[in-house]
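Following: one structure in C-alpha cells, then a few remarks.
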Number of protein chains: 2
Amino acid sequence: MATDKSRQNKDAGVTGDEDISWQAQKSAMTRDRILDATISCFINLGYTNVTTARVASAAGVSRGAMLHHFPSKTELIQAAVEYLHGKLLEDYTRRVNAIPKTKKGRAHRRAGLDAYWEYLTGDLATVYHELCVAGRTDPELQAILRSSSARFDEHVHKTNSVLFEEWNDRGDRYLLAMDVTRFMMEGMAVGQLTVDRKKRIPQLLDYLGDRLEEIFKEGDSGAAGRHSSRN
Amino acid sequence: MATDKSRQNKDAGVTGDEDISWQAQKSAMTRDRILDATISCFINLGYTNVTTARVASAAGVSRGAMLHHFPSKTELIQAAVEYLHGKLLEDYTRRVNAIPKTKKGRAHRRAGLDAYWEYLTGDLATVYHELCVAGRTDPELQAILRSSSARFDEHVHKTNSVLFEEWNDRGDRYLLAMDVTRFMMEGMAVGQLTVDRKKRIPQLLDYLGDRLEEIFKEGDSGAAGRHSSRN
DNA sequence: ATAAAAAAACAAATACGCCTGATTTAAACA
DNA sequence: TGTTTAAATCAGGCGTATTTGTTTTTTTAT
C-alpha cells in the first residue's frame, strides 16, 4: 500500500524538475476515485454487497484498471478502510470546529454533544459501525480495522481533550463521562437504525448533557469549589 | 444419524388419541433441527457467510431435504428470524425470571439491569443486532425483521412492566428511563464487540442504576426529594 | 520505443435453485 | 389382515449465475 509512483525522475533532464510526473498524478487521481467509489458502495450497498465490478462501475473505470491499482479485493478493502478512517477523522474534526467560538462553558459542551450526534448518525460512522459488526466473523477485516482504529481513537481522544479541556484533568470522572457519552450515544445511533425515534432524541441528548454537567459538578462542589467550570 | 425409531405405538390402541401422525412429528423435528442449525450458523459464521450448504451440513441433512422444508433461502431466513425471535424472548424471560424473588426494591431493579446486560451480550442478541445492521441494505431482511420485531418489542415491554411495576404509571419518566437504559446498554454491548472494556462495565452499570433511581425519585417527591432509595 | 495504464476476454470457484431417484410413512382396499 | 397405492421425506447431482483473479490486448504518456 502507499505505492508511491514518483520515480523516473532519475536523469530525465529533458522534462527536468517534474519530480511528480503527470502520469503519476493521474494514477493517484484514479486511485482516489476508486477509493471514493468504494466508500460510496459501502454506504449504498453495504459491505457484504460490495463487489469489485460495482466499485469499478461506480468509479467509472474498468475492472482491469482497478485490478491494476489494487491487485486483489483484500488490498482494495484494506486501502478503503484506511481511507475511510481518514474521512472519519476529517468529518469529526470538521463538525467540532464548526462549533461557534462564541459558545462557552456549558453551551460549548452541549454543542459538542450535538456535533458528536451528527457525526455518529452520518453515513461514514454508520458504515464504520457496519464494518465493525462484519469484522466479528471476518478475521481479515478485523485485523484491518484493528490496525487502523488505534490511531483513530487516539486522535478522537485528543480532540475530546480540547473540547472538554476544562475537565481533562479529572481522572476517573473524565473517563466515566466519556464512557457514558460514547455508549449512550452509540446506542442511540444504533437504535435509530431499526426504528425511527427522532422525537425522543433531543430529550435524551438534553438528559445526557445534564448528567455530564452533574458528573463534574459533584466533583467540583464535593471537595471544594476550585476550578470553576462556569464561564 | 440420530434416527430414533420409537414408533411401536402403531397399534397401541391405548394411546389412540394421537391425532398428529408420527411423520408430522418427525418432519417438525427436522424442521426445528434445520432452524437451530441456521441460528448456529448465524452465530458462528455471521449472517453474510451463511449458505444453504453450510446450514444443511450443520443440521445433518442434505440440501435436498432442506429445500423440501424451505423451498428457497429467503423462506429459510424468514423462518429462522422468527425462530430467533422466539429464542430471544425465551432467553430474556428466563434471565429475568432467574432473579431471586427475595430481591426487592432497588436490589431487584439492579438485578434486572444485570440480567438485561447478560442478555444483550449473549450470542442471540449479538446475532440479532447483526441482522439489524445487515438489514440496512437488505430490504427483504428488513421487512422480515420489521414484521417480527413488533411482537418482540411488545413482549419485552410487558416484561419490563412487571420488572418495574412500581413505576409503569409514570408516563414520561418511565419512557425516559427505558430509553436511557436501553440505549446506554446497547451502546455498551456494541462497544464491547470491538474492544474489550469489561473492566469499566460494572462501574457503568452502577452509574446507570443510580440514574434510574434518581429519575423516579425526583418524580416521586417533586423537586426536593433527594433521600436515600428505599424500597 | 518503451513502459505504464486501461480495457476486455478468459478460467476457476462458489452458491443457489431445480430435477430425478430412493426410502419411508400413511392410507386405501381386497 | 395383508397388500397395494399415494404421498411425504430425504439424498445427491446438474445447470446457471455471480464473483474473483489471471491473462491478453489496446491505448497513452514519456
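None of the values given here were measured: they were computed from a predicted structure. A note on names: the letters A, B, ... follow the listed sequences, proteins ahead of strands, and every chain is numbered from 1.
- Here C:dA5 presents its C1' atom at 12 Å from CZ of A:Arg33, a figure rounded to the nearest Å.
- Atom CE of A:Met66 is separated from atom P of C:dA8 by 14 Å (rounded to the nearest Å).
- Taking the six-membered ring where the residue is Trp, A:Tyr174 and A:His157 present perpendicular rings, their angle passing 60° and hence far from 30°.
- Regarding B:Phe70, its CZ atom lies at a distance of 11 Å from the P atom of D:dC10, rounded to whole Å.
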>> For B:Arg94 and B:Asp91: C-alpha separation, side-chain torsions, deciding distance, then whether salt bridge (charged side-chain N to carboxylate O under 4.0 Å, His left out) applies.
In response: CA-CA 5 Å; B:Arg94 184 178 55 77; B:Asp91 185 35; 2.9 Å; yes

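- For the pair A:His69 and C:dA4, the criterion of a side-chain N or O lying under 4.0 Å from OP1 or OP2 is not met.
- Judged purely by distance below 3.5 Å, without hydrogens or angles, the side chains of A:Tyr92 and A:Asn160 pair a donor atom with an acceptor atom.
- Regarding contacts with the backbone of D:dC10, every side-chain N or O of B:His68 stays at 4.0 angstrom or more from both OP1 and OP2.
- Distances shown here put every side-chain N or O of A:Thr30 at or beyond 4.0 Å from the OP1 or OP2 atom of C:dA5.
- A donor and an acceptor atom, one from each side chain of B:Thr74 and B:Glu140, are located under 3.5 Å apart.
- Every residue meeting the ring-ring contact (aromatic ring centres under 6.0 Å, His included) condition with A:His85, not counting sequence neighbours, appears here in chain and number order: A:Tyr128, A:Phe152.
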>> I'd like to compare against my own output: the B/S/- annotation of nucleotides 19-24 of chain D with a strict under-4.0 Å heavy-atom distance to protein.
In response: SBBB--

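- Evaluation of the side chain to side chain donor-acceptor pair (under 3.5 Å) rule for B:Lys73 yields no partner, not counting sequence neighbours.
- Taking atom CE of B:Met29 as the reference point, atom P of D:dT9 lies 14 Å away to the nearest angstrom.
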